[in-house]
Amino acid sequence: MQGSDIDNRFTYHPPRAGQPAKFEQLRAAARDLAHLINTVCPESREKSLAVTNLEETVMWANASIARHE
């Protein structure tokens, strides 16, 4: 791992032009999937993990945009 990679991971990346719209697209798609999971899956640990991991997926996708665009 390069020092520059560590610095990039632990630096605040303010949104640039066009990025907020991408963040919202990702959140909206994940929200739709979370509602579907909530509707079709029975209350369970697995359902909770599915939603938690979906939340994590959006965070990493947003980080990809913020860190590398």
Side-chain angles (χ1 to χ4, degrees):
M1 181 179 302
Q2 299 291 322
S4 60
D5 186 46
I6 292 171
D7 291 343
N8 192 39
R9 290 176 187 221
F10 296 98
T11 299
Y12 173 67
H13 301 278
R16 295 186 186 117
Q19 288 180 334
K22 292 177 182 180
F23 297 151
E24 181 51 37
Q25 275 184 294
L26 288 166
R27 281 193 303 270
R31 186 181 314 117
D32 290 344
L33 181 54
H35 279 295
L36 178 60
I37 290 168
N38 193 47
T39 299
V40 302
C41 296
E43 293 299 325
S44 61
R45 177 177 179 273
E46 293 81 2
K47 175 181 173 176
S48 180
L49 286 169
V51 173
T52 297
N53 281 286
L54 181 58
E55 198 174 4
E56 183 178 8
T57 298
V58 171
M59 288 190 312
W60 284 120
N62 284 345
S64 171
I65 293 166
R67 292 175 179 175
H68 300 288
E69 275 196 345

| query | Considering only heavy atoms from C-beta outward, does the side chain of Ile65 approach that of His13 to under 4.5 Å? | reply | no
| With hydrophobic residues grouped by side-chain heavy-atom distances under 4.5 Å, do Val51 and Leu33 end up in a single group? | yes
| query | If two hydrophobic side chains count as joined below 4.5 Å and joins carry through other members, does Leu54 share a cluster with Val40? | reply | yes
| said: Please evaluate residues Asn62 and Gln19 with respect to the criterion side-chain contact (heavy atoms from CB on, under 4.5 Å), reporting the C-alpha separation (whole Å), side-chain torsions for both, the decisive distance (0.1 Å), and the verdict. | reply: CA-CA 9 Å; Asn62 284 345; Gln19 288 180 334; over 6 Å; no
| note | Quick note, salt bridge (Lys or Arg N to Asp or Glu O under 4.0 Å) partners involving residues 19-31, not counting sequence neighbours, are Lys22-Glu69, Glu24-Arg27, Glu24-Arg31
| Can you list every salt bridge (Lys or Arg N to Asp or Glu O under 4.0 Å) pair that touches residues 33-50, not counting sequence neighbours? | Glu43-Lys47
| request: Examine distances only and state if a side-chain atom of Ser4 and a backbone atom of Gln2 form a donor-acceptor pair shorter than 3.5 Å. | output: no
| said: Treating Ser64 as the side-chain partner and Trp60 as the backbone partner, does any N or O pair qualify as donor plus acceptor under 3.5 Å? | reply: no
| remark: Students should find that the hydrophobic cluster of Phe10, defined by side-chain heavy atoms under 4.5 Å apart, otherwise consists of Met1, Ile6
| request: Start with the C-alpha gap between Arg67 and Thr11, add the side-chain angles, then the distance that decides, and say whether side-chain contact (heavy atoms from CB on, under 4.5 Å) holds. | output: CA-CA 9 Å; Arg67 292 175 179 175; Thr11 299; over 6 Å; no
